[in-house]
Every structure is written in C-alpha cells, then in structure tokens.
Amino acid sequence: MQPSFPLSRVWLATALVSTVWAQPQTVFEAARPRVFPDHAPHGSAVPFSSRWKRPVNANDGHDTFRDAARFHATHLMWCYVRDVAFIREAKARGYIFQATLNTILDGRPAGFTPTQGRVMNRDGNLVTAPWMQGWANTWWGCVNSAEFRAVYLHHAKIAVEGGADLLQQDDPGFNFAAVNWGGCFCPACQQGFAAFRQEHPDATMHEFQQHSVERFYADMWPAIDALAGRSIPKSSNNYRGRYGFPHNLFDFGVAELPDVTPESFVESQRNSLREGRVQVFTAVTRKVATNRQGIAMAYATGASMIVPWDVYMGSGEPRYFGTPEEYADLYGFVRASAEVLDGYEHAGVFSSGGMNDHPYAETPPVTVVGPPTVYASLRAVPGGTDRPVAVHLVDWSEKPAPFGLLFQPGRIFGDRPVRYELWTPAPYDEAAHRQAAETGDYAALVRKEVLATGGVTQIEIDRLDPWGILVLVPLAPDPGLVWQPAVAVGDLGIPRLRIQLASQTPGRIQYSLAGSADTRPYEGGLEVAETDVLIARTIAADGRVSVPVRLRLVNVRAGLAVWEPDHAELAGHLKLWLRAGDVAPEHRQEVQTWSAAAGPDIPFVARPVYDGRLATPPQMVPEAMGGQPVVRFGRETDLLSLPGFANQALAGTAFTVFVVSQSKNPGFGLSGNDPDGRGGVPRLYLMRNSFVYDEYSPPAMIQGIEDGPEVLVYTHDGNETIRAFRGRDMQSAVTGKKVVPAFGAGGSLAMPFWVGNQPQTGDLAEVVVFDRELAEAERLAVVAYLDGKYRFGVFPTWVLESVGEPE
C-alpha cells in the first residue's frame, strides 16, 4: 500500500544510483551488448509452453498448435517429450522447440524399473520431493547412479532425434537439493562420499552432492551434444530468476515466477546482466491484471514471458489456461514492435516509487513524474546513436493515472530534435489477430501516436493499462530550435531541495517560483525549502522563447507522522522491542543478554544448534547500519532465543512484526518454532525474502532484497490473511492462512532461522512485535521512525507533481 497522497505525486529514491558500473554519459554507452545462445528467445520472441501435446484426449478443449498461433508464438518451450513426432511436427510448423528433462524421468522406456537408480534416505528407503507427494512414480533420479544416467541419455536422445533446438532442465539441483529433504544416501552416494572425504576430510554431504551434480552435467552435456551432432543450448529452471549453483552450469534461465512484482523483474535484470544470461519467465498466477503487468515488465527489462497457458499452479491445483482475449493483444504488440525490441539493451530502470537501477553517476536520462506505480525502462542499441531509444512504460496500479517524464537531452541525442511516439497495444480484435498470424504482418496490432516533436524535455502521458513504449526518434539537426529547459532534481531526502536547469539552446533561462508572474534569470543551482511551483523557459539569443517546464515541488515531511513503537496508541499492544543499542557495554563483544526496551530480555544460552554444535553468542557492532549499532550473528552457530515467546505473543491472534536487518543471505531472519533455530509445524518463518505462516506453500514473498539494510514488516489480520511489506510498500498478501492456536516445536522466537536446516548469518538492528495488526497509518508511522533512524530513504522529504497549463 502507498501513503495517502494524491496519485499525481512522485516518490523518488534518495539514492538514484543502485548499480555501480563504469559510469557512462549516454544511453548508448550504458546499453551493453549481450551474447545470446542460438535459438534462445529474446527481443520480440513469444515463448509458448505446452507441457504435452494437446489435446490429450477427446475431452481436452485445448490444442497446442491452434492456441500457439492465436498468441503469435515463435517458440514452444518447456515441453516434456514423449515422442519424436511431436517435436518434428512443431519444427515443421516453424517453431523453435525446447525439450525438457527432469529428475523423475521414466526409466521403463530405457529398460529399467521405476525404482532403479533413485534417491534414497539414510534408511535405504526411496524418497520424493515434498511438493511431489502423492504423485505417481516421482522418485528422483540419483546423479551418481549408472542406471539413471542411462535413463537420462535415453530421454535426451528422443529430444535430439526429433530436432529439438534447446533443452530445459527442471529441478536442476538433483542430489544437492535432495539433501534438504533426506536424500541422497543411496549406496552409490555413500560410497562416493567416503571416497570424497578422503581428499576433503571436512566435506559435508551438501558439498559432496554439489560436486556430484557438477560432474553429472560435465558428463551429460558432451554426451548429448555428441548424440545431436551439434551443440544444444541448455537452460535451467532458475526459480524466481536465481543465479549461482547449479544455474551457473547452464546457458540461460527459464524460470517459474510465483511473485510477479516490479522488483522481481528489476532484480532479475540486474542478475542476468551481471551473469550475461538470457532470462525467460513463466508467471504462476491466475490474476489477469498481474499476468498482464508481468508480461509488460518482462519485455521492458529485456526478458520474455511464456504465454500464461498450461501453467503449473501447484500440487493438486488445476493448470491455468489464459485466453487470447486476455493476453494476445500484448503478444501481438511484441511482434509488432520488433524494431524497438530486437537488439535493444538495458540503459536504466526508473520509477517514482524509489526503485531506480542505472549506471549514471549523476543526473539520469529520465525522471518519472507521476504515480509511484509507474516504471520506465530505457533500452537502446549499444553504440547506435542514430537509432531510436525505447522507453518502456509499465503502470502496476489497479487504477492507472496520468504521469509525466522529464528527459535530459544530453544523455540521449544531444541537441538533435526528437519525435516522441507513443506505441501501445491495439485493443484485441479476433479478426485482426487471425490475419496477422496468417500473413506475418503485425502492423495492425500496434497503435502509434506522436506526442511531441522538437526540443522537448517534458512529456505527459494520459494513462497506460498497463504498457506502452515511448519511442524517441532522432531528427535532423535544427540550428533554429529553442529547447525547453531540462530539469535535474537533487537528493529528495534532505530539507532543502536542489534544482538545476540546463538547455541545449544557447541563451538564458528564466524561471519563477510560487507560480509568480515575475521571472528571474537562472544563474546556478536553486534551493527550495517549502512546497513550491517551478516554471522555467529558455530564451534564445534572438529573443525566441521555448515552451515552459512546469513542476510542483512538494515537501511532504512536514505532515508525516513519525511514531516510536511505544507511542501512546500502540504501547498497550507492544510485546517486544529490541534495539541493538540497548545491549549493555560489558556484553557487546559477546552478547550475553539482549536487553529489551519492552518485553522480555533475551539471555544467551549455549544450547545445541541443529547440527549438534553448541550455540555461540552474537556480537554488538556499533555504527554498522546508518550510523546505528547492530547485533551481528556472524558465525554459523550464533544464536539467541526466547523460549515459548511466539506461542505467547503471536499464536492465536493478529500481529505485526517489524524487523530491521541486513544480510547476504535472503533467508536470514527469525523463526517462531524451535529454540535452536529450526522450523516446525505449524510454521512461523520471518525471513528477508519471504514470510511463512502454518503451511509452507504459498509464502508471502518479498522482492528486491540485496545485501543492504531493510525494514521489513510481517502481519496477520487475525482471520486468514498474511501480508509482507518492504519499507512502506506491500510486497504480497496470501489468504487461507487461518490463525493457528500454537506454533510447532515449542513456539519459541529464535534468531536467526536455520533455513532448510542451513545456518544463516546477518545483522539485526531492531525487532518490534505487536499483538495486533496495525492500521496502515500506524504501520507507516513506525516505518517512518525506523526510516529516519537508520537512513533508509523510504520516505523522502520531497515529491514532484506535474503542473498543467494555467487556465
């Protein structure tokens, strides 16, 4: 949720540069070329997935090839291969085909029983993945088994004989992942582990199984390429767009995305650029509006989105099949916009809501002036200074509203005039889409409108639902052009807002503040302390005047409520308030007691942790977060616990928990279960990347988490809905989470949580627990207190509004 300000106001981050690259000056320098694997989808490709060829029987109303054509597909991806004929038919119809291998390949076609070469637990029993419980023949193959290796190559041979262009690997972690739920301890693995420890005496089973998986792919990939007589690009299901092991062993990612948010795409783009990988997503949601926003944001950030058709929604859930009426307009728009998609690369993402990811050292090429839900993704052809620049605009709000953009011409085409064309998807028309699919001419599926031409720096957009591409086309130089002034806005978190004006036209700039008719010459940076209106014009040497720039500069800090957790309206429900600064001086090297500002103190107890080692006390580190201290859990065994506290304060009731933390581990956080840091059933896991209550699936996901400090908020409404917030913004809400009377394993509050029975390290600065769900204004007031204390920049001092022509 957002603060109750008018939607025309803009929220901008206090720190505009979140990714530090070699600092380019123009969008053409910022756009870096990527190397794409052969046949991998990118640019204007439309991936479509039919897990099996449909119809599967006479009652199946879905048809793979009919429906792929209706969505203008170019690729058939993530297809489970049963026969060569399916692949060959797809190829004959002109599709690029991706076959899929997985952990549960049927051994019978290769001459094995369903249980041969499969993952086992310590007792020698076959085990299966928790999310596959109840499925038939879902025993995972063991990568150290000669039988399963033969099965794997048998299925790969079917794919390459049919002519598959790409291979996808689902559940790519194999044995490494299976260790988390009790495998693999089959005879082959136990023998291999014993040999591995002769060379690596301190190795864990996880380390051995990582080595096993790496060796498996090192053997399989050349063998598959040899079967095909060519090199086949391989992708993995890098769930949520993750990188690192085992996904670094593949050429690109094709991932399920259960949390479809702007942050998830920006974070994935950042990761894929760092890794030099192509990313494809499939959104796991039935919400049409969310799917549409996700499709738009995927293409806006250089990824692509598989058509929402034949989507796996979870164990026991019916698959989701979207319709052309819901989504084909967007995919037709993709095909129609190929000239500003193919070959275009990332040159920055900007929003008025605080998420800005770009490489520019100072003023970026564009500033969004409008609702905090609008994202602008700049894309350009690397080095293509004569090519148009594409500004993808995606509105994530339920009720899109008008917004504006401020451009810095010097970052784009210099003093060359520009034609601003807004491209948007044409409303869905079945006949027009059918003709486009039959002819390959998609021109009718895009609407193009010229918004402005010339020396313009301020553009107003009526509204987008949810996507448009503002295409900036360079025109021939015009020496007589008088440019609108370009406005650069400084740090929005400080009391006095600094404004700079510049123009591509030689001459002078005149401006006024407070809407005054009196103007004055601009002679350098302006500073504004109170809400004001800026109007500025360029005056050429010959006296000609540009159109004005009009902005309202709004100081919002004056009216912002800031409440400490023990505020009079909250104190009666405050059950715990931990501040790192309250650790007594004599306990700071080893925190023997974390003294609480409210609620019980937490004494250190040297209890055994999950792997049998004794817990160790954390350390208080001064000035480690925004000039404030933290309690650092820096060793794997560092642990503090409050036995029974989660059951006493959080079970059977609504609640709100604030956690201020920083960590390289996305799972770092608190557990409301076992005092040794492990989970339990019913669950309570308050992690940096997710919030789990009772059943593990589905969690409330939190996106955009990196190493740095965050204020995260977890709530239960006392009925059945949990919510997770990052700063002031809600990340996700999950219903069906009815209040449980007690949490499992004793209902203790432990920090940190051992995610997947693996230790986590990180810093905790503050933990606040209330035994009711705070209202939005109350929650935001506490966030504002934490924001000011730790200098997050969640609430800026200043926002911007567009100002129309005077009446």
Side-chain angles (χ1 to χ4, degrees), residues 41-48 67-74 260 262 265 281 283 285 287-309 322-342 344 370-371 373-379 388-403 405 420-451 459-473:
H42 59 90
S44 62
V46 174
F48 184 90
D67 294 345
R70 289 176 174 177
F71 288 103
H72 313 292
T74 59
V260 184
F265 292 102
F281 288 111
T285 177
K287 296 179 180 178
V288 173
T290 303
N291 268 319
R292 289 178 62 84
Q293 291 161 343
I295 293 165
M297 198 71 175
Y299 285 94
T301 53
S304 53
M305 182 73 79
I306 294 175
V307 173
W309 190 95
T323 66
E325 290 79 7
E326 293 167 328
Y327 306 114
D329 63 322
L330 300 182
Y331 287 106
F333 180 57
V334 168
R335 298 296 300 274
S337 304
E339 62 187 286
V340 292
L341 287 170
D342 296 339
Y344 278 68
T373 54
V374 174
Y375 292 78
S377 178
L378 267 69
R379 302 192 67 77
V389 169
V391 185
H392 292 254
L393 302 167
V394 184
D395 194 331
W396 284 78
S397 68
E398 295 180 1
K399 297 180 179 179
F403 63 94
L405 301 167
Y420 294 90
E421 298 179 2
L422 181 62
W423 296 13
T424 54
Y428 180 74
D429 177 82
E430 183 179 1
H433 277 259
R434 183 170 56 251
Q435 183 175 5
E438 292 172 352
T439 63
D441 182 355
Y442 295 93
L445 306 187
V446 58
R447 288 184 169 180
K448 299 181 180 181
E449 177 187 4
V450 176
L451 300 183
I459 293 291
E460 300 298 318
I461 308 291
D462 181 31
R463 61 187 293 276
L464 295 172
D465 189 13
W467 185 18
I469 305 175
L470 187 65
V471 180
L472 281 56
V473 181

Subject >> Any residue meeting ring pair (Phe, Tyr, Trp, His ring centres under 6.0 Å) with Phe333, in chain and number order, not counting sequence neighbours >> reply: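 Phe333: ring pair (Phe, Tyr, Trp, His ring centres under 6.0 Å) contacts with Trp467.
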Distance in Å, [X] [atom1] paired with [Y] [atom2], rounded so as to fall on 0.5 Å steps:
{"X": "Leu393", "Y": "Ile461", "atom1": "CG", "atom2": "CD1", "result": "6.0 Å"}
{"X": "Arg463", "Y": "Lys399", "atom1": "CZ", "atom2": "NZ", "result": "11.5 Å"}
{"X": "Glu449", "Y": "Asp462", "atom1": "CD", "atom2": "CG", "result": "8.5 Å"}
{"X": "Phe265", "Y": "Met297", "atom1": "CZ", "atom2": "CE", "result": "8.0 Å"}
{"X": "Leu445", "Y": "His433", "atom1": "CG", "atom2": "NE2", "result": "4.5 Å"}

Looking at every heavy atom in both [X] and [Y], which two are closest together, and how far apart are they?
{"X": "Gly468", "Y": "Thr424", "result": "CA-CG2, 4.1 Å"}
{"X": "Asn291", "Y": "Ala283", "result": "OD1-CB, 3.3 Å"}
{"X": "Phe403", "Y": "Pro371", "result": "CB-CD, 3.6 Å"}
{"X": "Ser377", "Y": "Ala300", "result": "OG-O, 2.6 Å"}

So do the side chains of [X] and [Y] get within less than 4.5 Å of each other, counting heavy atoms only?
{"X": "Val391", "Y": "Leu472", "result": "yes"}
{"X": "Phe281", "Y": "Pro47", "result": "no"}
{"X": "Asp67", "Y": "Phe48", "result": "yes"}
{"X": "Tyr420", "Y": "Val471", "result": "no"}
{"X": "Pro262", "Y": "Val394", "result": "no"}
{"X": "Asp465", "Y": "Asp395", "result": "no"}

**OP:** Indicate yes or no for a side-chain donor-acceptor contact from Thr301 to the backbone of Ala298 under 3.5 Å, with no hydrogens or angles considered.
**Re:**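 Checked: pair present.
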**OP:** Check for a donor-acceptor pair, side chain of Ser44 on one end and backbone N or O of Leu341 on the other, with a separation under 3.5 Å.
**Re:**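 No, because the side chain of Ser44 does not come within donor-acceptor range (under 3.5 Å) of the backbone of Leu341.
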Subject >> Lys448, NZ atom: more than 12 neighbouring heavy atoms under 6.0 Å >> reply: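 Result for NZ/Lys448: enclosed.
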Original post:
Counting heavy atoms not belonging to Gln435, are there more than 12 under 6.0 Å from its CD?
Top reply: no
Original post:
Taking Asp329 as the fixed residue, which of Arg70, Arg292, Arg335 is the one that meets the salt bridge (Lys or Arg N to Asp or Glu O under 4.0 Å) rule?
Top reply: Arg292
Original post:
Sequence neighbours excluded, which residues qualify as salt bridge (charged side-chain N to carboxylate O under 4.0 Å, His left out) partners of Glu430?
Top reply: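 For Glu430, the residues satisfying salt bridge (charged side-chain N to carboxylate O under 4.0 Å, His left out) (neighbours in sequence not counted) are Arg434.
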Original post:
Taking the six-membered ring for Trp, are the ring centroids of His392 and Tyr299 within less than 6.0 Å of each other?
Top reply: no
**OP:** Report the residue from Tyr327, Tyr331, Tyr442 that forms a ring pair (Phe, Tyr, Trp, His ring centres under 6.0 Å) with His72.
**Re:**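 Answer to the ring pair (Phe, Tyr, Trp, His ring centres under 6.0 Å) test with His72 among Tyr327, Tyr331, Tyr442: Tyr442.
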